[in-house]
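Below: one structure, written as structure tokens.
Sequential numbering from 1 along the given sequence is applied to the chain's residues.
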Amino acid sequence: MNRDELEKCVGNMTHSAAIEHNEAKDVLTHDAKQRERIAELDGKVRILIRRENAANKRIAELERIATSLWDIIDDIDTASDMAKGDDGWYRKRVEHKQRERFKYGETDGYDLTLKIKETNK
């Protein structure tokens, strides 16, 4: 699921829950069942908002990782310009720089696992 699909899905869930929540709150009643339903909807809205915030934080973390990995590639490209035919210097620089990728993920040679900083709230 890409970012747009995720945002649309979370947005739709949040929007529909908020509408149902507001409709329930607009009903003025002393009925215990209605108060329970309002409390239940309050909880659902809070959960959806927490999920949306967590998804946004995860997206931001993935964007940070992608930017950092892009910077490594850009630094290697710059090293190519700086080397000007000094293959030994270039190779040494690239070998050093490429190791930085392991700050952001690890692999067994087949699968990539990103090191995503999880947030509690």
Hydrophobic cluster identity match, I116 and L112, side-chain contacts under 4.5 Å: yes

Show me the donor-acceptor pairs, under 3.5 Å and distance only, between side chains in residues 66-73 and residues at least two apart or in other chains.
| unit_1 | atom_1 | unit_2 | atom_2 | d |
| --- | --- | --- | --- | --- |
| T67 | OG1 | E63 | O | 2.9 |
| S68 | OG | R64 | O | 3.0 |

CD1 of I76 to CD of E100: how many Å apart, nearest 0.5 Å? 8.5 Å

Could you check if a side-chain atom of I49 sits within less than 4.5 angstrom of a side-chain atom of R46, using non-hydrogen atoms only? no

For I65 against K115, the heavy-atom pair lying closest together: CD1-O, 3.7 Å

Is the backbone of E95 close enough, under 3.5 Å, to the side chain of Q98 for a donor and an acceptor to pair up by distance? yes

Euclidean distance, R99 CZ relative to R101 CZ, rounded to 0.5 Å: 9.5 Å

Can you name the nearest heavy-atom pair linking A83 to Y90, along with the distance? CB-CB, 3.6 Å

How long is the span from the CG atom in L62 to the OH atom in Y104, to the nearest 0.5 Å? 13.5 Å

